[in-house]
Visitor: 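Would you mind keeping the following structure in view while I ask a few things?
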Amino acid sequence: MVGTRYLDPVESDATLPEAVDLVVIGAGMIGVAAAYAAAKAGHSVALLEKGVVAGEQSSRNWGWCRVLNRDEREIPLMQHSMALWDSLPAEIGADMGFRRAGLTYVTKDPAQLAGWEAWLEKARPYQPTARMIDAAEARRRTPGNEQDWIGGVVSPHDGRAEPAKAAPTLARAARGLGVSLHQNCAVRGLDTTGGRISGVFTEKGRIRCQSVVLAGGAWASMFLRRHGIDMPQSSVHSTVFATTPAKVQVSPGPLLTPDFILTPLPDGGYLVAAKARGRLELTPAGIRYARQFLPALRANWKLVELRFGRSFFEGPDAWHGRWSFDAPTVFERMRVLDPAPKMSIIEPSLREIVAAYPELAGIQAARIWAGWIDSTPDAVPVISPVEALPGLVVAAGFSGHGFGIGPGAGRLAADLATGAPCIVDPAPFTLKRFAPGAPRAQGRAGI
Ligand SMILES: Cc1cc2nc3c(=O)[nH]c(=O)nc-3n(C[C@H](O)[C@H](O)[C@H](O)COP(=O)(O)OP(=O)(O)OC[C@H]3O[C@@H](n4cnc5c(N)ncnc54)[C@H](O)[C@@H]3O)c2cc1C
């Protein structure tokens, strides 16, 4: 019997506050980091989660924290996040599982190698610590699996944090700073007075506030649409599994090869992401934003399989129309977005891994799960005030790489919501870039 992922539970507060400076909607990595940053700056904060802290994407990811191969627009914010991953454990007196074990990518494909080289060239102004490696070093870095690699790229200062405990640990620290945390507390909608935010309607009552950070992950676009605000967002299904502990560690840090992606885990097992493609299901949201996502789909069509599935009828990309704030909503009906994993990836992936590393023979899948990755058309998040609704800041659409950048992204969202000087220029993350007629930039999707 294969189990599912671990998740560290966090206690909620008993009583909903009547009024706070800032309400944060969603207690994934982004919402928790935003709540922590705003509370640290002296603001009163309520953090509201329809399910449990990190119940959705933030506990389902690989945990990679990387500057390597990121869209150039994200690099300054990611570098700030890496500094926070370093400093937060001492600041909060707790371990979030962050280790700078380095990333190694190897390949046999000249086009992939050229892509990494082009990224390094573009990233040069930010002084990345990543560097290209030749064929001989690629073989040295994959002992036991020395194939005819033509080279690769290594990023010795990137690393990994533990998704099962990073957001929960930071949420506990946020509570320590006075954040009022409420799980199983869906926000049904926003209250406005004179055209600006004046509160939120939750399933447990209303809270007055001056600002809201919407860190609702895959649900953000749907939530905004109810208030007449458009944000193109669509989700991709992805499965991952963790193995039983192995006798040998074949790589000190995460390793990407053409056949599989292996992440060593603290218990001696590995997290495995198969080379199988992510699944994109046909949904009302997908149809609505098809034109905007088409360039990304064309560029990455080999990486996704298109399907018709349940997400047409349920979940964040389904059609929900207008709902009332006085009655249970879809957010209460689906407390945790928990898609079924694709079990069929296990056997072929294990076969590939053992063929490459015979000394790993005998490892089994111990836990398997899946997540919906929320994406924007240019694979760069929206971290932005909403001009049409003063007091509202959106922080969503992290496009498969929001965990590592989470600490900095949450801080930036908190800065925008509280009027503090921004830690980095927020312009690249503006929602306005998706407005009709705005110039489009193709983003850098993938790992
Ligand atoms: C398989 C997989 C692998 C990944 N690997 C990596 C990786 O290695 N590195 C990396 O950086 N990123 C990775 N990611 C992406 C990363 O997990 C996400 O980008 C990140 O966790 C997004 O955080 P979030 O807080 O925006 O969203 P989430 O973690 O999804 O949190 C949003 C929360 O908002 C809540 N919510 C929504 N609507 C409401 C409402 N109305 N009221 C109350 N609560 C609400 C939801 O219940 C949810 O808990 C991966 C993702 C997946 C699925």
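Residue numbers start at 1 and run along the sequence shown. Just so you know, ligand 1 is whichever comes first in the structure, and atom 1 is the first atom listed for that ligand.
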Visitor: Among Arg335, Arg333, Lys50, Arg188, which one satisfies salt bridge (Lys or Arg N to Asp or Glu O under 4.0 Å) with Glu203?
Guide: Arg335
Visitor: When you compare ligand 1 with Ile30, is there at least one nitrogen or oxygen pair between them that comes in under 3.5 angstrom?
Guide: yes
Visitor: What protein heavy atom sits nearest atom 19 (O) of ligand 1, and how far away is it?
Guide: Gly402 N, 2.9 Å
Visitor: In the protein, what heavy atom is nearest to atom 36 (N) of ligand 1, and what distance, to one decimal place, separates them?
Guide: Lys50 CE, 3.9 Å
Visitor: Hey, which atoms in ligand 1 end up nearer than 4.0 Å to a heavy atom of Ala215?
Guide: 32 (C), 33 (C), 34 (O)
Visitor: Run the numbers for me: atoms of ligand 1, each under 4.0 Å from some heavy atom of Arg60, listed by number.
Guide: 1 (C), 2 (C)
Visitor: As an exercise, identify every atom of ligand 1 less than 4.0 angstrom from a heavy atom of Gly216.
Guide: 32 (C), 34 (O), 37 (C)
Visitor: Below 4.0 Å, non-hydrogen atoms only: which portion of Trp64 touches ligand 1? Side chain, backbone, both or neither.
Guide: both
Visitor: Should Asp191 and Arg208 count as an ion pair when the cut-off is N to O under 4.0 Å?
Guide: no
Visitor: Tell me whether Lys204 is salt-bridged to Glu18, with the criterion being a basic N under 4.0 Å from an acidic carboxylate O.
Guide: no
Visitor: For Phe331 and ligand 1, does the shortest N/O to N/O distance drop below 3.5 Å?
Guide: no
Visitor: With heavy atoms of Phe398 as the reference, note each atom of ligand 1 found under 4.0 Å away.
Guide: 19 (O), 26 (O)
Visitor: Assess the residue pair Trp323 and Phe331 against the criterion (ring-ring contact (aromatic ring centres under 6.0 Å, His included)); give the C-alpha distance rounded to whole Å, side-chain angles, the decisive distance to 0.1 Å, and a yes or no.
Guide: CA-CA 11 Å; Trp323 63 84; Phe331 305 114; 5.6 Å; yes
Visitor: So for ligand 1, is Phe403 a polar contact partner (N or O within less than 3.5 Å, distance only)?
Guide: yes
Visitor: Any side-chain heavy-atom pair from Asp378 and Phe434 closer than 4.5 angstrom?
Guide: yes
Visitor: In terms of residue, atom name and distance, what is the protein heavy atom nearest to atom 21 (O) of ligand 1?
Guide: Ser58 OG, 2.9 Å
Visitor: Can you tell me which residue and heavy atom of the protein come closest to atom 38 (N) of ligand 1, and the distance to 0.1 Å?
Guide: Trp219 CB, 3.6 Å
Visitor: Show the atoms of ligand 1 that are less than 4.0 angstrom away from any heavy atom in Met29.
Guide: 25 (O)
Visitor: On a heavy-atom basis, which atom in Tyr357 and which in Thr142 lie closest, and how many Å separate them?
Guide: OH-CB, 4.0 Å
Visitor: What do you reckon, does Gly404 have a nitrogen or oxygen under 3.5 Å from a nitrogen or oxygen of ligand 1?
Guide: yes
Visitor: Side chains of Arg322 and Arg226: does their closest heavy-atom pair fall under 4.5 Å?
Guide: yes
Visitor: Closest non-hydrogen protein atom to atom 4 (C) of ligand 1, residue and atom name please, with distance?
Guide: Asn61 CB, 3.0 Å
Visitor: Strictly below 4.0 Å, N to O, side chains only: are Asp158 and Arg100 in salt-bridge contact?
Guide: no
Visitor: Answer with yes or no whether Ala186 contacts ligand 1, where contact means a heavy atom under 4.0 Å from a ligand atom.
Guide: yes
Visitor: To which protein heavy atom is atom 31 (O) of ligand 1 closest, and what is the distance rounded to 0.1 Å?
Guide: Gly28 CA, 3.5 Å
Visitor: What residue and atom, counting heavy atoms only, is the protein's closest point to atom 42 (N) of ligand 1, and at what distance?
Guide: Val187 N, 3.0 Å
Visitor: For Leu48, which part has a heavy atom under 4.0 Å from ligand 1: side chain, backbone, both, or neither?
Guide: backbone
Visitor: Is a salt bridge present between Glu72 and Arg70, judged by a nitrogen-to-oxygen distance below 4.0 Å?
Guide: no
Visitor: Can you find a pair of side-chain heavy atoms, one from Trp85 and one from Met96, that are under 4.5 Å apart?
Guide: yes
Visitor: With Tyr289, which of Thr283, Asp230, Thr376 fulfils side chain to side chain donor-acceptor pair (under 3.5 Å)?
Guide: Asp230
Visitor: Side chain or backbone, does Trp372 bring an N or O within less than 3.5 Å of an N or O on ligand 1?
Guide: no
Visitor: Do Arg225 and Ser221 get their side chains close enough for a donor-acceptor pair, meaning under 3.5 Å?
Guide: yes
Visitor: Considering only non-hydrogen protein atoms, determine which one is nearest to atom 18 (C) of ligand 1 and report residue, atom name and distance to 0.1 Å.
Guide: Gln57 OE1, 3.7 Å
Visitor: Whether Arg160 engages the ring of Phe98 as a cation-pi pair (distance to the six-membered ring centre under 6.0 angstrom, angle to the ring normal within 45°) should be assessed.
Guide: no
Visitor: Which ligand 1 atoms does Ile373 reach within 4.0 Å, using its non-hydrogen atoms?
Guide: 51 (C), 52 (C), 53 (C)
Visitor: So, 4.0 Å and heavy atoms of Gly400: is ligand 1 close enough to count as a contact?
Guide: yes
Visitor: Which residue is it: Arg279, Glu281, His237? I am looking for the one with a side chain to side chain donor-acceptor pair (under 3.5 Å) to Ser311.
Guide: Glu281
